[in-house]
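Counting convention: from 1, in listed order, for ligands and their atoms alike.
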Amino acid sequence: MVKVGVMGLTGCSGCQCEILNCEDAINRLIGRVEFSYFPLAQDSNGFSDFDILFVEGSVSTELDREKLIEGRKRAKILVAVGTCSCYGGVQSQRNDEASLEEMLRAVYGEKRPEVRVFKPAPLSEVVEVDYELPGCPMDKKQFVYTVASLLNGVEPFFPKIPVCHECKLSENECLLLNGIPCQGPVSFSGCGAPCTAQGVGCQGCRGNCDFPNFEELLSIYDRLGLKGEDAVRFLKVFRGKTLPKLKERSVDEKGA
Ligand code: SF4
Ligand code: SF4
């Protein structure tokens, strides 16, 4: 029996809920897989050795760090699930804009709580990670595919092609042509482009595709009226520090 654990650090538990949403597939795994640790889903949990440990959330507290290091020691394969665990998540989007002390003071004023917190970090800054399944939340089909691959001794493979690819396969009309900012050209696909199918620009919740051309996309945003710092912040929400330093472009510069 393959022992699987699901651990949550700092996050919204949305990715763990996505695992629970895989009911059909999980039923088919009964007899091959034992969820020996999944506190969100069951009362009885043993924190022993794992064949596969899925970890959701960013490392933001001392407890997160301790749990993760202990989990890594006990897991043959460790998989980061969701954008918080892969890149730091939305809670890390302003990590480089202020010190931790300044951020705590801005939120809590002088009555800041006496808890030991860190700037939210992805798992890979603390331990070695074997596979990453980004997304906010992660895509449940990719979770099932990963489990099935690992159970059968096959390396899961996730080509880092842009969301535009899946958007085109779905025959969606390009939102950029209709003046709606979209991050599809620079975002890692695998979700099936559900947002653009609904007329909502991709927010890049799965992080960067390979060879993203941010500068060119910023030029397009500028023409659509999304400019300067606002445009960079739009790109930064889910990417945190995986967004490279971009050249500041003023309105006048663009007009030239
Ligand atoms: S709508 Fe977005 S994801 Fe779809 S083709 Fe246009 S830019 Fe790409
Ligand atoms: S289309 Fe973009 S924002 Fe929507 S799920 Fe896919 S990567 Fe995330």
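Near Cys195, the atoms of ligand 2 lying under 4.0 angstrom from a non-hydrogen atom of the residue are 1 (S), 3 (S), 4 (Fe), 5 (S). Short contacts between ligand 2 and Cys191, defined as distances under 4.0 Å to a heavy atom of the residue, involve ligand atoms 1 (S), 5 (S), 6 (Fe), 7 (S). Atoms of ligand 2 found under 4.0 Å from any heavy atom of Arg206, numbered from 1 in the order shown, are 7 (S). Listed by number with element, the atoms of ligand 1 under 4.0 angstrom from any heavy atom of Pro185 are 7 (S).
Side-chain contact, Ser58 with Gln91: a donor N or O sits under 3.5 Å from an acceptor N or O.
Side-chain atoms of Asn152 do not come within 3.5 Å of backbone N or O of Val154 as any donor-acceptor pair. Glu166 contributes no side-chain N or O that, together with a main-chain N or O of Ser189, makes up a donor-acceptor pair within less than 3.5 Å.
Here the straight-line distance linking atom CD of Gln203 with atom OG of Ser187 works out to 9.0 Å at 0.5 Å rounding. Rounded to the nearest 0.5 Å, atoms CG (Leu246) and CG (Leu235) are 7.0 Å apart. Taking CE of Met7 as the reference point, atom CG of Asn45 lies at 11.0 Å (rounded to 0.5 Å).
Under the 4.0 angstrom criterion for non-hydrogen atoms, Gly204 is in contact with ligand 2.
The protein heavy-atom contact nearest to atom 3 (S) of ligand 2 is Gln203 N, 3.2 Å.
Both the backbone and the side chain of Cys205 come within 4.0 Å of ligand 2, judged by heavy-atom distances.
Legend: ring-ring contact (aromatic ring centres under 6.0 Å, His included) pairs involving residues 146-197, not counting sequence neighbours, sorted by first then second residue: Tyr145-Phe158.
Checked against Lys76 for a side-chain hydrogen bond (donor to acceptor under 3.5 Å, both in side chains), the options Asp51, Asp130, Asp49 give a single hit: Asp51.
Shown here is Lys241, whose NZ atom has no more than 12 heavy atoms of other residues, nucleotides or ligands within 6.0 Å.
Around atom 4 (Fe) of ligand 1, protein N, O or S atoms at less than 2.8 Å comprise Cys167 SG.
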